[in-house]
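First the structure, in the form of structure tokens, and then the observations on it.
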Amino acid sequence: MARKTEIPSSYYGEPQKFDPTFRGPIHNRSCTDVLCCVIFIIVILGYIALGTVAWIHGDPRKVVYPTDSHGQFCGQQGTPNANKAILFYFNILQCANPAVLINLQCPTTQLCVPKCPDRFATYLDMQYNYRYNKSHWEYYRQFCKPGFDNPRKSVAQVLRDEDCPSMIVPSRPFLQRCFPDFITRNGTLTVANKTDFKDGLGKTRSVTDLRDAANGITALLDAKEVGIKIFEDYASSWYWILIGLVITMVVSLLFILLLRFTAGVLLWVVIFGVIAAVGYGIWHCYWEFSLLQGKPDADVTISDIGFQTDFRVYLQLSQTWLIFMISLAVIEAIVILMLIFLRRRVRIAIALLKEGSKAIGYIMTALFYPIITFFLLAVCIAYWAVTAVFLASSGDAVYKVMSTQPKCQYANLTCDPETFNKTNVTKVCPGAQCTFAFYGGESVYHRYIFILQLCNLLIFLWLVNFTIALGQCTLAGAFASYYWALKKPGDIPACPLFASFGRAIRYHTGSLAFGALILSIVQFFRIILEYLDHKLKGAQNAFARFLLCCLKCCFWCLEHFIKFMNRNAYIMIAIYGKNFCTSAKDAFFLLMRNVVRVAVLDKVTDFLLFLGKLLISGSVGVLAFFFFTRKIPVIQEEVPSLNYYWVPLLTVIFGSYLVAHGFFNVYAMCVDTLFLCFLVDLERNNGSAARPYYMSSELRSILNKKNVKSRPGKKK
């Protein structure tokens, strides 16, 4: 028989050697990864310089205000267009789609106006009615070029000189631009109750021509109406949403503190509570499904009715409850199977959670550290967004030839609106116009704006990941101080969180920046792949789509692996004070030597914490549901009037999960740190008087480990 090959222990690195002077996080440290620290500081200074240059050259008004054919802002204070905040298109029929309109590249004259037209009219009709009533011209001239005051000028000359539009149609503003006021009546598309109109050129056009010119605008307008109603719901319910989030914060804090005393009971209550809640959900879904079975209207499928803003419509369908029931049944089966196969490991997970609760009980300030992280992340996001806007709005107005003729040789070439009429472009391409296109320039700065935007994104990712790394290293150092205190709480150093934060900033900025840079580069490439995937959605090349999908999957896996390794590397940095590569290597080999414990104990702990977050957010969500649907008799009068009750409900559920996630993230970092310290403790020590275990007595009893007590009079 062939001999079985055994993998030597040295394959995964040497176990931790005993150091008699080791008593927890090392305080006598030296700076690590200095070169990366210097580069990081230089990059931050360069980022500040980039923001300054963008601020000098950029003008956010170019993003906020629409721009007419001459590059002038609509609605800008201190200009002739101060009271003209809406952009009007002379001939919207020449615009192909809404994307062209929003990008201001529609081949028609664009003019700033105070309001959109509210009636059908043509220039010919205005000239005819002007003879009897001057008010017709006073209304029509609002949509003509400023300074034009000759209503008797012939139509041909007016259209040639682009003094006035040939027609106006009832419109309403959207994105500060006038779009036809589409209304569907009895399945027929109308504008001001009409299905056709005169185009001012002697033709009668159908309203569908307007729809084709502004394809998709009706859906956007409907979305705007929904958005307004959602905003109204937030305005009337924000107070109760905040109360729900405060309740979540209090419950999360109590949940963590109670784990210190009743971790086993609470966790089993969480587990069986989730099982019971999902079981009740399955029964309720079956009950609703059976009630709707006999109703004829309930057999309609979800795909048949499409998207509906009233969620109650879906609840009248039997298919909805069937989907809910199947989904909950699958979740129930997964939870029960995981408990059956991992029941022996739950005891150790409970012991780790108890120890984590004790650590947080002694270091309560750790629960509020996420506020610092949130503030730093908010600063990074705000700086990145402002810099991106200023970069995007840098440059001077660039004008291009816009022609309705596809074969025009001058199309999309730059032009000068002051001299355009003197060139032969209008002769070669009749109807061509010199229209404002975008903001840019020919300088080195303007040519590399796209590269600067990419740099802005990469540095933003670096700063965000560094902020997260700083928080992880700080928390790890504080909780490691707790674990390596032999006599708790007497041996725990004073202000462990503040001391750990100081060590991380003073000695390990370079190491944290190094780990953050590696992760940021991977995330940067993931974003590029997502962008390419978005651009290639309509591509017919199946191999390219398959290759892109594979690359996205690989980078997703790589990102999550690096996040896992960085997290453990930061814990080792907090304990030993070594550089990033050494700490990552030590953490990797330590985890590989204990791969079974890592795969089971750590993941069981994560699963139990997830159940806790689910129970808290679900409980608050149920309470919010009964409140906003007026099913709590005591406070029915306090419930605000809402358009969609699911708006504040979903906000409370999602916000509650985020709040619980913030608290439990600190707790998870605590458990991960204690787990890694626990593995080091097992390798370093043997329970003798000279090398005692630092783990809790409960963990020692589960693992059948004991600390040998030194005899009286004998040196320890």
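These numbers come from the heavy atoms of this one structure, side chains and all, not from hydrogens, waters or symmetry mates. It should be emphasised that the depicted structure is a prediction, and the values quoted were computed from it without experimental measurement.
- Minimum interatomic distance between Thr373 and Gly471 (heavy atoms only, all atoms of both residues): OG1-CA, 4.5 Å.
- By the 4.5 Å heavy-atom criterion applied to side chains, Ile372 and Phe375 are not counted as neighbours.
- Note: Trp321 and His284 have perpendicular aromatic rings, judged against thresholds of 30 and 60 degrees for the angle between ring planes.
- Judged purely by atom type and a 3.5 angstrom limit, Ser290 uses its side chain to pair as donor or acceptor with the backbone of Trp287.
- Gln472 and Asn566 are not linked by any side-chain donor-acceptor pair at a separation below 3.5 angstrom, with hydrogens and angles left out of the test.
- Residues passing the side-chain hydrogen bond (donor to acceptor under 3.5 Å, both in side chains) test with Asn568: none are found, sequence neighbours excluded.
- Taking the six-membered ring for Trp and thresholds of 30 and 60 degrees, Tyr667 and Phe664 have ring planes more than 60 degrees apart, a perpendicular arrangement.
- With contacts defined as side-chain heavy-atom distances shorter than 4.5 Å, the pair Ile282/Tyr286 does not qualify.
- No side-chain heavy atom of Val335 sits less than 4.5 Å from a side-chain heavy atom of Val278.
- Under the 30°/60° scheme for interplanar angles, the aromatic rings of Phe588 and Phe561 are found to stand perpendicular.
- Ring geometry for Trp384 against Phe460 counts as parallel: the plane angle stays under 30°, on a 0 to 90° scale with 60° as the upper cut.
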Would Leu328 and Val330 count as a side-chain contact (heavy atoms from CB on, under 4.5 Å) if you check the C-alpha gap in whole Å, the side-chain angles of each, and the deciding distance to 0.1 Å?
-> CA-CA 5 Å; Leu328 291 175; Val330 171; over 6 Å; no

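- Asp681 meets the side-chain hydrogen bond (donor to acceptor under 3.5 Å, both in side chains) test with Tyr483, Asn685; sequence neighbours excluded.
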Take Ile360 and Phe479, measure what side-chain contact (heavy atoms from CB on, under 4.5 Å) needs, and give me the verdict at the end.
-> CA-CA 8 Å; Ile360 288 181; Phe479 294 129; 4.0 Å; yes

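- Within 6.0 Å of OH on Tyr657 lie more than 12 heavy atoms contributed by other residues, nucleotides or ligands.
- With sequence neighbours excluded, the residues satisfying side-chain contact (heavy atoms from CB on, under 4.5 Å) with Leu615 are Val270, Ser619.
- Here the closest non-hydrogen pair linking Asp672 and Arg567 is OD2-NE, 2.7 Å.
- Side chains of Leu461 and Ile459 form no contact here, defined as non-hydrogen atoms less than 4.5 Å apart.
- In plain terms, the two heavy atoms of Ser511 and Phe580 that are nearest each other are OG-N, 3.6 Å.
- Checked by atom type and distance alone, the side chain of Ser520 pairs as donor or acceptor with a backbone atom of Ala516 at under 3.5 Å.
- A donor-acceptor pair under 3.5 Å links the side-chain atoms of Trp462 to the main chain of Ala513, judged by distance alone.
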What's the verdict on side-chain contact (heavy atoms from CB on, under 4.5 Å) for Phe678 and Val671, showing C-alpha distance, side-chain angles and the deciding distance?
-> CA-CA 10 Å; Phe678 164 74; Val671 174; over 6 Å; no

